[in-house]
Amino acid sequence: MFANQRRNEILHMIQEQKTVSVQELSEKLNVSAATVRTDLNAMEKQELLIRTHGGAMMKEKEDIDKKYAIREKKHRSEKQRIAAVAFEYIEDGQCIILDASTTCFELAKFVKESTKRLTIVTSGLTTATMLKENPNLTVIIIGGIVRSGSNSIEGLIGHELLKKVNVDTLFTSAYALNASDGLTDFSLYEVELKREMVATAHKTIALIDNSKLGKSSIATFAKIDNIHRLITDQSLSPELTASFQAAKVPVEVAN
């Protein structure tokens with residue numbers, strides 16, 4: 001089992017049980033206690049859990065600053081610039097997916113004020129509520145689980161719906177983007193749905209502000225070669241630039 005797979009499993013256990021011990025994880029994953037401690041220490045640095053004596057415990061969403069109301073206010077000007085550029089890639093008559101990210105919520109504001117006739121599929125509760133006020137828009141919300149403090153639909157209950165629509169473009173953000181892992185997020189449940197979105201859409205456009213560049217989270221939902229365009233607000237590092245060039249994925253900087 002690779003480190004990322006092992007850490008996914010650790011996070012899944014912590015989300016279910018709230019607390020886990022090194023011994024329990026060692027037995028479950030069939031690895032040494034030293035390996036488990038290394039994983040837990042790495043995951044604590046990523047702010048995914050809290051280390052305890054002999055194990056780890058779940059970090060509340062408020063503690064790791066993932067709560068939607070908090071995230072929505074952070075880096076707003078950068079997200080608005082990215083959204084303005086992204087809007088230019090939406091054409092009248094298209095069917096698009098907007099994920100539940102705060103960056104896509106900024107994009108949805110442009111969509112709401114436009115006269116374009118569009119079908120919008122979204123996993124974002126706030127996004128759907130706002131867009132339904134525009135009579136030119138057909139808004140489809142993906143079914144699934146809603147958790148406390150979250151704006152996002154999670155899980156694969158809405159998987160069948162995605163099979164029934166022809167999606168031109170998925171607009172998505174992520175908790176992090178780096179060269180080796182691609183687009184990653186902290187919620188395994190939300191990542192499951194995002195993977196299905198990527199598989200469904202003809203094109204995937206990633207909207208990533210500078211605070212997410214070069215970082216990583218627990219689960220990947222799109223590698224760089226799954227992305228058709230990246231829109232960001234600052235130049236990429238040499239490593240990321242090389243990866244996008246190798247994959248022949250255009251990168252656009254919103255000034």
Side-chain angles (χ1 to χ4, degrees), residues 1-12 14-15 35 38-49 51 56 59 61 64-66 70-71 74-75 78-79 81-83 85-86 97 99-104 106-107 152 169-199 201 203-255:
M1 185 181 292
F2 294 111
N4 279 350
Q5 294 174 306
R6 199 168 57 242
R7 291 171 189 178
N8 282 349
E9 186 64 26
I10 290 171
L11 188 62
H12 183 69
I14 290 176
Q15 287 173 336
T35 297
T38 298
D39 286 338
L40 295 180
N41 290 338
M43 293 170 72
E44 184 178 46
K45 287 180 180 178
Q46 291 179 295
E47 300 185 341
L48 296 169
L49 51 76
R51 284 286 274 122
K59 200 166 190 180
K61 286 189 175 184
I64 55 178
D65 200 24
K66 303 295 191 306
I70 298 171
R71 291 189 294 119
K74 299 188 73 173
H75 305 284
E78 292 93 331
K79 293 171 183 177
R81 295 202 306 272
I82 291 169
V85 173
I97 298 178
D99 75 8
S101 65
T102 55
T103 310
C104 280
E106 294 299 332
L107 174 55
S152 177
T169 306
L170 161 65
F171 293 89
T172 185
S173 191
Y175 180 65
L177 167 66
N178 68 39
S180 59
D181 300 324
L183 296 171
T184 61
D185 228 314
F186 63 91
S187 168
L188 296 178
Y189 305 104
E190 192 171 350
V191 162
E192 285 180 328
L193 183 56
K194 284 191 173 187
R195 285 177 185 149
E196 294 297 327
M197 291 176 177
V198 172
K203 292 182 180 179
T204 295
I205 297 181
L207 314 178
I208 306 294
D209 70 67
N210 67 81
S211 69
K212 303 166 181 178
L213 297 174
K215 296 181 180 179
S216 182
S217 192
I218 196 67
T220 295
F221 66 90
K223 292 287 192 178
I224 288 176
D225 58 7
N226 298 133
I227 304 168
H228 296 85
R229 179 175 295 272
L230 170 66
I231 304 175
T232 185
D233 63 298
Q234 73 172 31
S235 299
L236 304 184
S237 67
E239 182 185 18
L240 264 176
T241 297
S243 296
F244 275 88
Q245 288 177 342
K248 298 181 179 179
V249 176
V251 176
E252 194 165 351
V253 178
N255 294 317

Self-check item: Side-chain donor or acceptor of Lys223 paired with backbone N/O of Ala179 under 3.5 Å
Solution: no
Exercise. Could you tell me which non-hydrogen atom of Ala56 sits nearest to which non-hydrogen atom of Ile14, and how far apart they are?
Key: CB-CD1, 4.1 Å
Practice problem: Give, for atom CG of Asp181 and atom NZ of Lys215, the distance between the pair rounded to the nearest 0.5 Å. | Solution: 14.5 Å
Quiz item: Hey, what do you get for CG (Asp39) to CD (Glu9), rounding to the nearest 0.5 Å?
Solution: 11.5 Å
Quiz item: Stepwise, does the side chain to side chain contact (heavy atoms under 4.5 Å, CB included) test hold for Val251 with Thr241?
Solution: CA-CA 8 Å; Val251 176; Thr241 297; over 6 Å; no
Quiz item: Applying the side-chain contact (heavy atoms from CB on, under 4.5 Å) test to Leu207, which of Thr232, Ile231, Asp233 qualifies?
Solution: Ile231
Quiz item: Counting distance only, does the side-chain N/O of Glu44 pair as donor-acceptor with the main-chain N or O of Arg51 below 3.5 Å?
Solution: yes
Practice problem: Go through Glu106 and Ile82 one step at a time and tell me if the side chain to side chain contact (heavy atoms under 4.5 Å, CB included) criterion holds. | Solution: CA-CA 9 Å; Glu106 294 299 332; Ile82 291 169; over 6 Å; no
Quiz item: Hey, what do you get for CZ (Arg195) to CG (Leu183), rounding to the nearest 0.5 Å?
Solution: 12.0 Å
Quiz item: Can you tell me how far the OG1 atom of Thr169 sits from the CD1 atom of Ile97, to the nearest 0.5 Å?
Solution: 9.5 Å
Quiz item: About how many Å separate CD of Glu190 and OG of Ser101, when rounded to the nearest 0.5 Å?
Solution: 8.5 Å
Self-check item: Single hit among Thr172, Asn226, Leu230 for side-chain contact (heavy atoms from CB on, under 4.5 Å) with Thr204
Solution: Thr172
Practice problem: Quick one: closest heavy-atom pair of Asp185 and Ala174, and the distance? | Solution: OD2-CA, 4.0 Å
Practice problem: Please lay out, stage by stage, how Lys203 and Arg229 fare under the test side chain to side chain contact (heavy atoms under 4.5 Å, CB included). | Solution: CA-CA 8 Å; Lys203 292 182 180 179; Arg229 179 175 295 272; over 6 Å; no
Practice problem: Side-chain contact test, heavy atoms from C-beta onward, threshold under 4.5 Å: evaluate it for Ser237 versus Leu213 and give yes or no. | Solution: no
Quiz item: To the nearest 0.5 Å, what is the distance between OG1 (Thr184) and NZ (Lys212)?
Solution: 10.5 Å
Quiz prompt | Under 3.5 Å: donor-acceptor pair, side chain of Asp99, backbone of Ser173 | solution = yes
